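What follows is one structure encoded as structure tokens, with my remarks underneath.
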Amino acid sequence: MMPWSSDDGSEVLTFLPASQLEQWDMTAKFSVTSSEGTESGTVRWINEPTTERIDILSPTGSVVARLTIDATEARLVTDDGERIASDAETLLAEVMQVSLPVDALRFWVRGLDAPDLPIDSVSKDNEGRIIELTQDRWQLAYSGTVSVTSGSDRFEVPRRLTVARGDLEIRWASTEWQIPSP
């Protein structure tokens, strides 16, 4: 009997590739280190079919910044006001003066390469999971996994991710993944 099946055999979880995990409600701890110093916090990322919402949370759990993204714009709301741009990468570059690959992060947090960026090198473990990836000059290293279940579907995503390019390093540790009910 498989460890993820019930004793009576009535329910068996089906492992699906992370590429099929297209909607999520995920919480992660992060730190961003650059020549300017280090910032850290918690992020809650809700990815739905037509919109995304990324909340940056204070240590007490209150939202200090909210990034919403849809097909036409990216909107960042903070205590300092609201900024809008055509996409998240442009918006964050304007606000933070740093280029963050938001579109690629959608894939990287699931342990996938971003389909629209060139791959320089990739290393996989015996199970076929990416453990190191260099893509568009970004160097990624993965460690650990988290299982995410929805009904009888089960996905495996990375627990920790380190992304670096130049003097910028992002450390990411997933603490909770949920799949919204349809």
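In this text the structure is predicted, and so the values were computed from the model without any measurement.
The closest side-chain donor-acceptor pair between Ser31 and Ser40, if any, does not fall under 3.5 angstrom. Side-chain polar atoms of Thr90 and Asp87 form a donor-acceptor pair below 3.5 angstrom. If you check the side chains of Gln20 and Glu22, you find no donor sitting under 3.5 Å from an acceptor. Remark: the Trp24 side chain and the Glu48 side chain contain no N/O donor-acceptor pair separated by less than 3.5 Å. A donor-acceptor contact closer than 3.5 angstrom is absent between the side chains of Thr51 and Asp70.
Within the model, atoms CD1 of Ile56 and CZ of Phe30 stand 4.5 Å from one another, a figure rounded to the nearest 0.5 Å. Summarising the geometry, atom CH2 belonging to Trp45 is positioned 10.0 Å from atom OG belonging to Ser174; distances are rounded to the nearest 0.5 Å. Between Glu156 atom CD and Thr149 atom OG1 the span is 12.5 Å, to the nearest 0.5 Å. Going from atom CH2 of Trp172 over to atom OG1 of Thr162 covers 12.5 Å, rounded to the nearest 0.5 Å.
A 4.5 Å side-chain heavy-atom check between Phe155 and Ile179 finds at least one atom pair inside the cut-off. Residues Thr145 and Arg129 are in side-chain contact: their nearest non-hydrogen atoms beyond the backbone lie under 4.5 Å apart. Side-chain contact between Thr68 and Ile54 is absent, with no heavy atoms from C-beta onward closer than 4.5 Å.
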Checklist entry - Checking side-chain contact (heavy atoms from CB on, under 4.5 Å) for the pair Arg75/Leu67: CA distance, chi angles, key distance, verdict? => result CA-CA 6 Å; Arg75 179 182 307 260; Leu67 175 64; over 6 Å; no
Next on the checklist: For Trp177 and Leu21: C-alpha separation, side-chain torsions, deciding distance, then whether side-chain contact (heavy atoms from CB on, under 4.5 Å) applies.
Outcome noted: CA-CA 11 Å; Trp177 277 84; Leu21 177 59; 3.7 Å; yes
Item to check | Criterion side-chain contact (heavy atoms from CB on, under 4.5 Å) on Val146 and Arg159, from CA distance to verdict | outcome: CA-CA 5 Å; Val146 175; Arg159 180 171 302 278; 3.6 Å; yes
Item to check | Ser34/Asp167 under side chain to side chain donor-acceptor pair (under 3.5 Å): CA gap, chis, key distance, verdict | outcome: CA-CA 5 Å; Ser34 69; Asp167 68 352; 5.8 Å; no
Next on the checklist: Test side-chain contact (heavy atoms from CB on, under 4.5 Å) on Val102 and Leu92; report intermediate values, then the result.
Outcome noted: CA-CA 9 Å; Val102 177; Leu92 293 178; 3.5 Å; yes
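No chain of hydrophobic side-chain contacts below 4.5 Å, direct or via other Ile, Leu, Val, Met, Phe, Trp or Tyr residues, connects Leu91 to Val63. In the hydrophobic clustering of ILVMFWY residues, with side-chain heavy atoms under 4.5 Å counting as a link, Leu161 and Leu117 come out together.
Between Met26 and the options Ile46, Val157, Val109, Thr175, a side chain to side chain contact (heavy atoms under 4.5 Å, CB included) holds for only Val109.
Between Glu52 and Arg106, at least one side-chain N (NZ, or NE/NH1/NH2) sits under 4.0 Å from a carboxylate O, which counts as a salt bridge. Salt-bridge annotation for Arg44 and Asp55: absent, with no side-chain N of the basic residue lying under 4.0 Å from a carboxylate O of the acidic one.
Looking only at distances, a side-chain donor or acceptor of Gln135 sits under 3.5 Å from a matching main-chain atom of Ala114. Side-chain atoms of Asp125 come within 3.5 Å of backbone N or O of Glu127 as a donor-acceptor pair.
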